[in-house]
*Asks:* 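If you scroll down you'll find the structure; I have some questions about it.
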Amino acid sequence: MKRNRIVFFRAISIAIALLPVIPLFPDDGGGPIRIFPCACIPGTDTIRMMAFYDHDPKQATTFSSYGLGKNNILDYMGGDNTYDGHIGSDFGPAGFEDQDVGIAVVAVADGVVSDVLDGVFDRENSVKKGVQGNFVLIDHGGGRESYYNHLRKGSVCVKKGEHVSTGQQIGLLGSSGNSTWPHLHFEWRENGVSVDPFSGPINPIVSRWSAQPPYDSPLVITDCGLYYPENRKKLPFVSVRETYAKRGESKDRKLQLLITVLNVPETEYERKWRLVSPDSEYVNEWTDTIDGSKPWHGLGAEVWQYSYSAVFSKKASPGRWRMEIYHDGQLAKRCFFTVDDEKPSNSPPAPPKGVKLAPPSPEKDGPVACVVDASIDYPDPDMDKICYRYEWLVDGRLVRNATSVTRLDYCPAHLATGAKTLTCKVYTSDGRLESEAVESSLNDKE
């Protein structure tokens, strides 16, 4: 290891929450909730589970630093992934940077919009008890309703009395009303009463999900970024990203490489880091152990950030460097960044590794999902925040153009049904430049 080229300091900061993985479509013709209420791949995408329904009727008497219950809380599996008195399911991203790009909230089943609200402020200082967030309420018939709260201001795109189909976008995930963090508060109601749709030991009902999300999800790295501490605000606030590391810069600045990790297990696991020069030389390598059994208590399991500070000397090789991160011996992510004397021009991100449509044989009244394959390589060479733009074409006609931070988008049932050819084109974007499109099609769809 040649430490004369670079000085590295390590630190770990911990934030919040866990998310289950959900199959994209029902596999057993089960419950009335046909799809996940966010257009995403939960547990492997940016969205994770923040809090389930609380089944303990007792009021909490001790509280976390967030003011949330630490005792007398009980989720449907007997765990503490909830907070006191919560009567819904909360799904959310790592912070406002994701909210600002956009995360589509979609109808979980066909229905008629019975009520809406928009125009409420949607940032972190909007928290005031009793303030109603932007919401959509959908009547699915038979006394069944779905409720979507805390939507982004100005994003509600349906009207009262409008018929919506499964997978149709109704708004964007936000943080309006009584909320300090971007998330979707989702409720399933029956005859005017909120019902926990998840079936488990503490809630032994017939699951209301067509394909119920599993309780746990695998450890996954979702984002990489370069930041200077003076320009980086704490989660969940938007921070200023840097596009390169400058050689010979003062050690006082301590440029940080941050890696966002979802679903930290409540056990120990081995983490290994490798810093690799443009000449494919291992400049530094180290291994340590992460103890996930000591999470912050409050909103379930974890979003963590691995934080590394680096100063490159004038002798450091200019060009494209990479950091490799391993979990229990398996390569989890490669993050590439430029080391140079001058700021390089912006480069477009890499195109998606692959795109597929699911299910391959859609139901006549069902939505179609466009899914972007994951890659161990972070797609943007400048470490910019990346997102995806989805173009949906029905028989060659553009019917939907949506930008999202997530790796999934829906063509809703009312647009997909009856198409001879359904095509989804996906572009990776850094907010300024886009990659070439990668596309997938379903033909002779009737």
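Keep in mind it's a predicted model, so treat the numbers as computed, not measured. The analysis underlying the following values was restricted to heavy atoms, covering all of them including side chains, and did not include hydrogens, waters or symmetry mates.
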*Asks:* Looking at Ile386 and Pro349, what are the two nearest heavy atoms and their distance?
*Replies:*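 Shortest heavy-atom contact: CG2-CB, 4.5 Å.
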
*Asks:* Do Phe121 and Val131 come close enough that some side-chain heavy atom pair is under 4.5 Å?
*Replies:*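 Contact flag for Phe121/Val131 side chains = no.
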
*Asks:* Hey, do the aromatic rings of Tyr427 and Tyr390 have their centres closer than 6.0 Å?
*Replies:*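 No, the ring centres sit 6.0 Å or more apart.
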
*Asks:* Does the distance from a Lys or Arg side-chain N to an Asp or Glu carboxylate O, for Arg400 and Glu391, drop under 4.0 Å?
*Replies:*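 Answer for the salt bridge query: no.
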
*Asks:* To the nearest 0.5 Å, what is the distance between OG1 on Thr82 and OH on Tyr53?
*Replies:*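 Answer rounded to 0.5 Å: 10.0 Å.
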
*Asks:* What is the minimum heavy-atom distance between Ile47 and Ile103, and which atoms define it?
*Replies:*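 Heavy-atom minimum between the residues: CD1-CD1, 3.6 Å.
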
*Asks:* So, using side chain to side chain donor-acceptor pair (under 3.5 Å) as the criterion, who are the partners of Asp100 when residues are at least two apart?
*Replies:*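 Per chain and number, Asp100 pairs via side chain to side chain donor-acceptor pair (under 3.5 Å) with Arg123.
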
*Asks:* What's the spacing between Leu393 CG and Leu422 CG if we round to 0.5 Å?
*Replies:*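 The CG atom of Leu393 sits 8.5 Å away from the CG atom of Leu422.
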
*Asks:* Quick check: Tyr410 with Trp392 (ring centres under 6.0 Å apart)?
*Replies:*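 Aromatic pair excluded; centres sit 6.0 Å or further apart.
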
*Asks:* Residues two or more places apart in sequence or in another chain: which of them pass ring-ring contact (aromatic ring centres under 6.0 Å, His included) with Tyr269?
*Replies:*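 So Tyr269 forms a ring-ring contact (aromatic ring centres under 6.0 Å, His included) with His327.
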
*Asks:* Run the salt bridge (charged side-chain N to carboxylate O under 4.0 Å, His left out) test against Asp384 and tell me which residues pass, sequence neighbours left out.
*Replies:*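 Checked Asp384 against salt bridge (charged side-chain N to carboxylate O under 4.0 Å, His left out); matches are Arg432.
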
*Asks:* Indicate the atoms forming the closest heavy-atom contact of Met383 with Gly225, along with that distance.
*Replies:*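 Reported closest heavy-atom pair: CE-N, 3.7 Å.
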
*Asks:* Please say whether the positively charged group of Arg274, taken as NZ for Lys or CZ for Arg, lies over the ring of Tyr282, i.e. under 6.0 angstrom from the six-membered ring centre and within 45 degrees of the axis.
*Replies:*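 Here Arg274 passes the 6.0 Å and 45° test against Tyr282.
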
*Asks:* With a 4.0 Å cut-off on N to O distance, would you call Arg322 and Glu324 a salt bridge?
*Replies:*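 Result for this pair is yes, salt bridge flagged.
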
*Asks:* Would you say Val339 and Pro318 make side-chain contact, with heavy atoms under 4.5 Å?
*Replies:*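 With C-beta onward as the side chain, the pair stays apart.
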
*Asks:* Taking it one step at a time, do Val108 and Arg34 satisfy side-chain contact (heavy atoms from CB on, under 4.5 Å)?
*Replies:* CA-CA 6 Å; Val108 298; Arg34 300 185 64 186; 6.0 Å; no

*Asks:* Anything under 30° is parallel, anything over 60° is perpendicular, the rest tilted; go ahead and classify Tyr76 against Phe52.
*Replies:*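 Ring orientation of Tyr76 relative to Phe52: perpendicular.
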
*Asks:* Check Leu408 against Asp45 and note the closest heavy-atom contact, atom names and distance.
*Replies:*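 Closest approach of Leu408 to Asp45, heavy atoms only: N-OD2, 4.2 Å.
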
*Asks:* Less than 4.0 angstrom from a charged side-chain N to a carboxylate O is my criterion; do Asp341 and Lys314 meet it?
*Replies:*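 Salt bridge: yes.
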
*Asks:* Yes or no on side-chain contact (heavy atoms from CB on, under 4.5 Å) for Asp223 and Ile259, after CA distance, side-chain angles and deciding distance?
*Replies:* CA-CA 6 Å; Asp223 195 14; Ile259 292 99; over 6 Å; no

*Asks:* When you compare the side chain of Ile170 with that of Val156, does any pair of heavy atoms fall below 4.5 Å?
*Replies:*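 The answer is no; the side chains never approach within 4.5 Å.
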
*Asks:* Under 3.5 Å, is there a donor-acceptor pair linking the side chains of Asn81 and Tyr215?
*Replies:*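 Distance-only check passes for Asn81 and Tyr215.
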
*Asks:* To the nearest 0.5 Å, how far apart are NZ in Lys356 and OG in Ser440?
*Replies:*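 Atom-to-atom, Lys356:NZ and Ser440:OG are 10.0 Å apart.
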
*Asks:* Could you go step by step and tell me if Ser146 and Glu187 meet the side-chain contact (heavy atoms from CB on, under 4.5 Å) rule?
*Replies:* CA-CA 6 Å; Ser146 57; Glu187 288 184 37; over 6 Å; no

*Asks:* Side chains of Asn178 and Gln132: donor-acceptor distance under 3.5 Å anywhere?
*Replies:*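 On atom types as modelled, these side chains do not qualify, holding no pair under 3.5 Å.
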
*Asks:* Does the side chain of His86 reach to within under 4.5 Å of the side chain of His185, using non-hydrogen atoms?
*Replies:*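 Of all side-chain heavy-atom pairs linking His185 with His86, at least one is under 4.5 Å.
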
*Asks:* Roughly how far, to the nearest 0.5 Å, is SG of Cys224 from CZ of Arg334?
*Replies:*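 Output value for this atom pair is 11.5 Å.
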
*Asks:* Would you kindly say whether Arg389 and Thr403 are connected by a side-chain donor-acceptor distance under 3.5 Å?
*Replies:*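 The answer is no; no qualifying pair exists.
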
*Asks:* Locate the shortest heavy-atom distance separating Ile325 from Cys335; write the atom from each residue and the value.
*Replies:*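 Closest heavy-atom pair between Ile325 and Cys335: CD1-SG, 4.2 Å.
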
*Asks:* Between Asp196 and His55, do the side chains contain an N or O donor and an N or O acceptor separated by less than 3.5 Å?
*Replies:*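 Checked: Asp196/His55 side chains pair up, N/O donor to acceptor below 3.5 Å.
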
*Asks:* How long is the span from the CZ atom in Arg241 to the CG atom in Leu258, to the nearest 0.5 Å?
*Replies:*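 That separation rounds to 8.5 Å.
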
*Asks:* Could you tell me if the ring centre of Phe312 sits under 6.0 Å from that of Trp321?
*Replies:*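 Yes; Trp321 has its ring centre under 6.0 Å from that of Phe312.
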
*Asks:* Of all the heavy-atom pairs spanning Cys424 and Leu357, show the shortest one and how long it is.
*Replies:*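 Closest approach of Cys424 to Leu357, heavy atoms only: CB-CD2, 3.7 Å.
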
*Asks:* Are Phe198 and Gln212 packed together at the side-chain level, in the sense that at least one heavy-atom pair is separated by less than 4.5 angstrom?
*Replies:*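 A side-chain contact exists here, since the closest heavy-atom pair is under 4.5 Å.
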
*Asks:* Just checking, any donor-acceptor pair under 3.5 angstrom between side chains of Ser175 and Asp122?
*Replies:*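 Note: Ser175 and Asp122 side chains miss the donor-acceptor criterion.
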
*Asks:* With the threshold set at 4.0 Å, does a side-chain nitrogen-carboxylate oxygen contact exist between Glu230 and Arg253?
*Replies:*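 Between Arg253 and Glu230 there is a salt bridge, with a charged N closer than 4.0 Å to a carboxylate O.
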
*Asks:* Could you tell me if the side chain of Ile138 sits less than 4.5 Å from the side chain of Val164, heavy atoms only?
*Replies:*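 Yes, their side chains come closer than 4.5 Å.
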
*Asks:* Under 3.5 Å, is there a donor-acceptor pair between the side chain of Thr243 and the main chain of Asp382?
*Replies:*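 Checking the backbone N and O of Asp382 against the side chain of Thr243, no donor-acceptor pair under 3.5 Å is found.
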
*Asks:* State whether a side-chain donor-acceptor pair under 3.5 Å links Glu439 with Thr423.
*Replies:*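 On atom types as modelled, these side chains do not qualify, holding no pair under 3.5 Å.
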
*Asks:* Could you give me the CA-CA distance, side-chain angles and deciding distance for Val220 and Val261, then say whether side-chain contact (heavy atoms from CB on, under 4.5 Å) is met?
*Replies:* CA-CA 6 Å; Val220 61; Val261 186; over 6 Å; no

*Asks:* Hey, are Lys385 and Asp380 close enough for a salt bridge, meaning a charged N less than 4.0 Å from a carboxylate O?
*Replies:*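 No salt bridge links Lys385 with Asp380.
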
*Asks:* Are Lys272 and Glu270 within salt-bridge range, i.e. N to O under 4.0 Å?
*Replies:*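 Here Lys272 does not pair with Glu270 in a salt bridge, since their nearest N and O are not under 4.0 Å apart.
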
*Asks:* Counting C-beta onward and ignoring hydrogens, is there a side-chain heavy-atom pair between Asp75 and Ile202 closer than 4.5 Å?
*Replies:*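 No, every pair of side-chain atoms sits at 4.5 Å or beyond.
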
*Asks:* Do Lys70 and Phe63 meet the cation-pi criteria used here (NZ or CZ under 6.0 Å from the six-membered ring centre, within 45° of the axis)?
*Replies:*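 Ring-cation test returns no.
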
*Asks:* Please name all residues satisfying ring-ring contact (aromatic ring centres under 6.0 Å, His included) with Phe186, sequence neighbours left out, ordered by chain then number.
*Replies:*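 By the ring-ring contact (aromatic ring centres under 6.0 Å, His included) rule, Phe186 matches Tyr148.
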
*Asks:* Excluding sequence neighbours, so at least two apart, what forms ring-ring contact (aromatic ring centres under 6.0 Å, His included) with Tyr147?
*Replies:*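 Scan of Tyr147 (ring-ring contact (aromatic ring centres under 6.0 Å, His included), adjacent residues dropped) gives Phe135.
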
*Asks:* What pairs with Tyr227 under ring-ring contact (aromatic ring centres under 6.0 Å, His included), at least two apart in sequence or on another chain?
*Replies:*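 Expected list: none.
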
*Asks:* Tell me whether the NZ or CZ atom of Arg271 lies within the 45° cone about the ring axis of Tyr306 and under 6.0 Å from its centre.
*Replies:*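 Geometry flag: set, cation within 6.0 Å and 45°.
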
*Asks:* Heavy-atom count check: over 12 atoms from other residues, nucleotides or ligands less than 6.0 Å from Lys333 NZ?
*Replies:*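 Yes, the 6.0 Å shell around NZ holds more than 12 heavy atoms from other groups.
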
*Asks:* Tell me, with the steps shown, if Thr61 and Asn71 meet side chain to side chain donor-acceptor pair (under 3.5 Å).
*Replies:* CA-CA 7 Å; Thr61 57; Asn71 65 342; 2.8 Å; yes

*Asks:* Nearest 0.5 angstrom please: Ser199 OG to Met77 CE, how far?
*Replies:*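 Going from the OG atom of Ser199 to the CE atom of Met77 covers 9.5 Å.
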
